[in-house]
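Quick notes on the structure that follows.
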Amino acid sequence: MSKGKVGLVVLLILSVVLKFSSATPTSSSLMKSAGSSLLFPVHGNVYPSGYYNVTLHIGQPAKPYFLDIDTGSDLTWLQCDAPCVHCAEAPHPYYKPNNDLVVCKDPICASLFEPGEHKCPHPEQCDYEVQYADSGSSLGVLVRDVFAFKYITGVRINSRLALGCGYDQLPGPSNHPLDGILGLGKGSSSVLAQLHSQNLVRNVIGHCLSGQGGGFLFFGDDIYDSSRVVWIPMSPDYTKHYSPGVAELIFGGKTSLIKNLLTIFDSGSSYTYFNHLAYDALTSVMKKELTRKPLKEAPEDQTLPLCWKGQKPFKNTRDVKKYFKPLSLSFSNGKTRTLFELTPEAYLIISSKGNVCLGILNGTEIGLGEINLIGDISMQDKMVIYDNEKQMIGWIRADCDRLPRSKLDNI
Ligand SMILES: *[C@@H]1O[C@H](CO)[C@@H](O)[C@H](O)[C@H]1NC(C)=O
Ligand SMILES: *[C@@H]1O[C@H](CO)[C@@H](O)[C@H](O)[C@H]1NC(C)=O
């Protein structure tokens, strides 16, 4: 069964020793101004690939790497020839680190650990281990190296950033053929936070994932018109991940009585996950509704846990849209209620067998506990923006097939 992957980091622990000699880090800096946004084309899709990737250029000389974009975790890492103990096949040769080790006492190393769990048995290096919710993991050491970027204005910048040299990876149930992960979470180790601390970009990211596959990712706030975006504050209570707090599930415009769903936006997860209460309620209402429709459950289709077949194979979610109701998650903030809407396209896929499958999965089953994840499937054809400066999450319907012209093009 292909369940896609879940990019959410669930825990970080200390790991084994690897020897490097260290060098003195240098840093570059450039004043940020209007137009200091970065824009990356994105490749991939929810099904069948199960990932979206961008290309980054890292090292001296800079080499390209394909990275999975993950707003559910902070650390960016590459499969690393340190030498590698367990690496999966990758599209490019494994990253060869230079000798610029991050020391254990460095605050960026400490930021990878829970308070109190950051110990330094090997002060000269920073050992990390990230473990993802799908039970995949990466173990390695933190190094610094040069990342090459280009602003939307065309100006090129180089920035020395910390990244993980991952020399021991355990694949999750859904390993994918990439060089590493681009951590875009809220923590100070994320590439975004590091670029921001060097005053190179505003602390804002966004992505636009197309339902046709592909799309784009951006850092900075020059790409969208903020006044047209639906904004909701990030939760002050749950600060580990990008979360607007708790939501109520609305099914076909009616309240489902399923409330208090702690919700996280996670681009590293292909599918959406509800906790078992919401999942149980949703699947039982759906099954009941579909008994009156020309769709039959198709347990023989193992693409996802719940699939239905029609009289003939379906080609597109448009073919089945009429049988399914829209869902939404309703977030309330004082007196205002903000809806995150999920049209049938945002929670269904058409399997290779031509059946329609539910792209909302049971999060309790994979150990997410009470947490609910909004994954790629439900963020398609929307620009989703994570503004760490204003502590807001926003979204707006968008054409993700075309790279945007920035607001600056009009100047
Ligand atoms: C990743 O994205 C690049 C373009 O940035 C694309 O050429 C490549 O095929 C993608 N890799 C995979 C494995 O999908
Ligand atoms: C969801 O997962 C939980 C925990 O494994 C399980 O108890 C529950 O029955 C599952 N729900 C459905 C509808 O399969």
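Remember, predicted model here, so these are calculated numbers, not experimental data. Start at 1 and go down the list; that is how both ligands and their atoms are numbered.
- Remark: ligand 2 and Asp280 share an N or O pair separated by less than 3.5 Å (distance only, no angle test).
- Other residues, nucleotides and ligands place more than 12 heavy atoms under 6.0 Å from the NZ atom of Lys353.
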Problem set entry | Check against ring-ring contact (aromatic ring centres under 6.0 Å, His included), Tyr386 and Tyr242 | CA-CA 8 Å; Tyr386 311 75; Tyr242 292 118; 4.5 Å; yes
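- Checking only distances, Asn362 does come within under 3.5 Å of ligand 2, N or O to N or O.
- Side chain to side chain, Asp168 and His86 meet the donor-acceptor criterion of an N or O pair below 3.5 Å.
- Here the protein heavy atom with the shortest distance to atom 4 (C) of ligand 2 is Thr364 CG2, 3.8 Å.
- For the residue pair Trp231 and Thr338, no side-chain donor N or O sits within less than 3.5 Å of a side-chain acceptor on the partner.
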Exercise. Lys240 and Glu114: salt bridge (Lys or Arg N to Asp or Glu O under 4.0 Å), yes or no, with the steps?
Worked result: CA-CA 11 Å; Lys240 230 172 142 156; Glu114 299 289 339; 3.4 Å; yes
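- The protein heavy atom nearest to atom 5 (O) of ligand 2 is Glu365 CA, 3.8 Å.
- For the cysteine pair Cys400 and Cys208, the distance separating the two SG atoms is below 2.5 Å.
- Heavy-atom distances between Pro177 and ligand 1 reach below 4.0 Å in at least one pair.
- Ligand 1 is approached by Tyr51 to a heavy-atom distance shorter than 4.0 Å.
- When distances from atom 2 (O) of ligand 2 to the protein are checked, a heavy atom turns up under 4.0 Å.
- In this structure, a donor-acceptor pair under 3.5 Å is absent between the side chains of Tyr65 and His57.
- Nearest protein neighbour of atom 12 (C) of ligand 1, counting heavy atoms only, is Asn53 ND2, 3.4 Å.
- Near Thr55, meaning under 4.0 Å from any of its heavy atoms, are these atoms of ligand 1: 2 (O), 3 (C), 4 (C), 5 (O).
- Protein heavy atoms all stay at least 4.0 Å away from atom 7 (O) of ligand 2.
- Under the 6.0 Å distance and 45° angle rule, Lys382 counts as a cation-pi partner of Phe340.
- Taking every non-hydrogen atom of Leu178 and a distance limit under 4.0 Å, the qualifying atoms of ligand 1 come out as 13 (C).
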